[in-house]
Amino acid sequence: MALKEHNYWLTTAEFPQIEAHPLPERVDVAVIGAGFTGLSAARTLAKRGAKVAVLESETVGWGASSRNGGMVLSGMKLGVNQLISMYGRDLTRRMYAASLETIDCVEKIIREEAIDCDFSRCGHLEVACKQKHFDDYARQVEVIAREFNHQLRVVQRGELSSEIGSNIYFGGVVDEISAGVNPARYVAGLGRAAIKAGAEIFEHARVEGLRREPRQSEAGWKITTSRGPLWAREVFVGTSGYTGAVTPALQKKIIPIGSFIITTELLPEALARELSPRDRMIYDSKNYLYYYRLTPDRRMLFGGRAAFFPENDQTIRRSAEILRRGMIDVYPQLRDARVEYVWGGTLDFAFDIMPHAGQMDGMYYAVGYAGHGVAMATYQGQKMAELIVGDKPDNPFVGIPFRGAPLGLYNGKPWFLPFAGMWYKILDWVS
Ligand SMILES: Cc1cc2nc3c(=O)[nH]c(=O)nc-3n(C[C@H](O)[C@H](O)[C@H](O)COP(=O)(O)OP(=O)(O)OC[C@H]3O[C@@H](n4cnc5c(N)ncnc54)[C@H](O)[C@@H]3O)c2cc1C
């Protein structure tokens, strides 16, 4: 089969067929974005009795939620020592506990809604590209056990063959509680679950304007969309790396970064077992990292930030070759394996690389997942929905400082991405 510039996961999933009804005049909550964040929020809001409209400029799961690696990961992007120095012990403890809870949250929804999406608690493996990265694992594992009462397992270089069929790494660390999922099937199922709970989803409904406007003496929002206007008492923004000019304050705090994935042809069972004997979700210790796993039908899925810019025809095409070379560096066994699919998507990074949620300009939002969004976005959608209906959920990411670029040097157009890409490469070289 010739290389297809197409998301492989989409060939495995069936999305809900949504009829294009006219928009309602009034809803309690308008949710912008039909990815994990928006759909998880819509499901919870509707279950709690709110009238909800999900407004999606494309189709259900069109954004990062159907395009990702399907790694349902514990922890956050930043290391625990850095988190403790930024937030102190108590808040970091709550954040770490929340990161473990995010995986339970995904599993619970999948079980309750009977979503057929190959969810499996297969664990994740982080592999060290340098000896000093490996030395740091031992320190992190000790802090995580002591401070957060969570046990990770260090894998020495000599034992690594039981975890991965590659000999380029200096050792690894395993967290058994992480999971894998087929993200397209999961987001499609989440869409169906939100509809079943009573939320209405409007596809091809791009939000183009948001203005505060009371209605019959009730405070709320006049929303204009590509399919007409509606009024909502509250607005929840779940637009992640696709956040645009309609929410300018949020856009200025989010850096959209491209990430790209290839998948090979179907692999023989023995080869697949050699590459990943325990079927782990795997990523390496670099800033400019690779992440990879087997798909449920035994292809190697190999991803990375081959270009920092968001996906377009050029970056996708270039990524196929860069990632294939990266894959063969890790797994020379795949030299002759055909690459069948390549695609890209956009991640959302905050300047401090942390997830953030709360209220901005009177609107609720949750963003900043930095490549850890499968679990965290689902969790934040649910927690923010609970907040909107008046509960007081414990959510340690609400209210932490959410700063934009230093000196305000960013207006939502990431001019500095080539420099950031180069800087990451230099960091990987020297650290
Ligand atoms: C290639 C890739 C690999 C990744 N791998 C992993 C992984 O293995 N594990 C992990 O945890 N995370 C991973 N991530 C990150 C994860 O996919 C995201 O964090 C998560 O999907 C974010 O979900 P979301 O619902 O917030 O945003 P999205 O799924 O991106 O949805 C946002 C939606 O908002 C819509 N939208 C934007 N503006 C408007 C508007 N004005 N009006 C209406 N709709 C609008 C968009 O069309 C889009 O559908 C990966 C991401 C990418 C791109």
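Order of listing sets the numbers, starting from 1, for every ligand and every atom in it.
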May I have a table of the N/O to N/O pairs between ligand 1 and the protein that fall below 3.5 Å, each row giving the two atom names and the distance to 0.1 Å?
residue: ligand 1; atom: 5 (N); partner: Gly69; partner atom: N; Å: 3.0
residue: ligand 1; atom: 8 (O); partner: Gly69; partner atom: N; Å: 3.4
residue: ligand 1; atom: 8 (O); partner: Gly70; partner atom: N; Å: 3.4
residue: ligand 1; atom: 8 (O); partner: Met71; partner atom: N; Å: 3.1
residue: ligand 1; atom: 9 (N); partner: Met71; partner atom: O; Å: 2.8
residue: ligand 1; atom: 11 (O); partner: Met71; partner atom: O; Å: 3.2
residue: ligand 1; atom: 11 (O); partner: Gly371; partner atom: O; Å: 3.4
residue: ligand 1; atom: 11 (O); partner: Gly373; partner atom: N; Å: 3.0
residue: ligand 1; atom: 11 (O); partner: Val374; partner atom: N; Å: 2.9
residue: ligand 1; atom: 12 (N); partner: Gly371; partner atom: O; Å: 3.0
residue: ligand 1; atom: 12 (N); partner: Gly373; partner atom: N; Å: 3.2
residue: ligand 1; atom: 17 (O); partner: Ala64; partner atom: O; Å: 3.3
residue: ligand 1; atom: 17 (O); partner: Asn68; partner atom: ND2; Å: 3.2
residue: ligand 1; atom: 21 (O); partner: Ser65; partner atom: N; Å: 3.3
residue: ligand 1; atom: 21 (O); partner: Ser65; partner atom: OG; Å: 3.0
residue: ligand 1; atom: 23 (O); partner: Ser65; partner atom: OG; Å: 3.2
residue: ligand 1; atom: 25 (O); partner: Phe36; partner atom: N; Å: 2.9
residue: ligand 1; atom: 25 (O); partner: Thr37; partner atom: N; Å: 3.0
residue: ligand 1; atom: 25 (O); partner: Thr37; partner atom: OG1; Å: 3.4
residue: ligand 1; atom: 26 (O); partner: Thr37; partner atom: OG1; Å: 2.6
residue: ligand 1; atom: 29 (O); partner: Ala64; partner atom: N; Å: 3.3
residue: ligand 1; atom: 29 (O); partner: Ser65; partner atom: N; Å: 2.9
residue: ligand 1; atom: 29 (O); partner: Ser65; partner atom: OG; Å: 2.5
residue: ligand 1; atom: 30 (O); partner: Ala64; partner atom: N; Å: 3.0
residue: ligand 1; atom: 41 (N); partner: Val207; partner atom: O; Å: 3.2
residue: ligand 1; atom: 42 (N); partner: Val207; partner atom: N; Å: 2.9
residue: ligand 1; atom: 44 (N); partner: Ser57; partner atom: N; Å: 3.0
residue: ligand 1; atom: 44 (N); partner: Ser57; partner atom: OG; Å: 3.4
residue: ligand 1; atom: 47 (O); partner: Glu56; partner atom: OE2; Å: 2.6
residue: ligand 1; atom: 47 (O); partner: Ser57; partner atom: OG; Å: 3.3
residue: ligand 1; atom: 49 (O); partner: Glu56; partner atom: OE1; Å: 2.7
residue: ligand 1; atom: 49 (O); partner: Glu56; partner atom: OE2; Å: 3.1
residue: ligand 1; atom: 49 (O); partner: Gly63; partner atom: N; Å: 3.3

Aromatic ring proximity, centroids under 6.0 angstrom, Tyr291 and Phe302: no

Tyr96/Phe148 aromatic ring centres below 6.0 Å: yes

Pair His133-Asp284, side chain to side chain donor-acceptor pair (under 3.5 Å): steps then yes or no: CA-CA 10 Å; His133 297 176; Asp284 72 33; over 6 Å; no

is_close_aromatic(Tyr341, Trp9), centroid dist under 6.0 Å: no

Working for side chain to side chain donor-acceptor pair (under 3.5 Å), residues Tyr379 and Ser99: CA-CA 9 Å; Tyr379 170 90; Ser99 96; over 6 Å; no

Residue among Asn395, Thr102, Thr37 satisfying side-chain hydrogen bond (donor to acceptor under 3.5 Å, both in side chains) with Gln380: Asn395

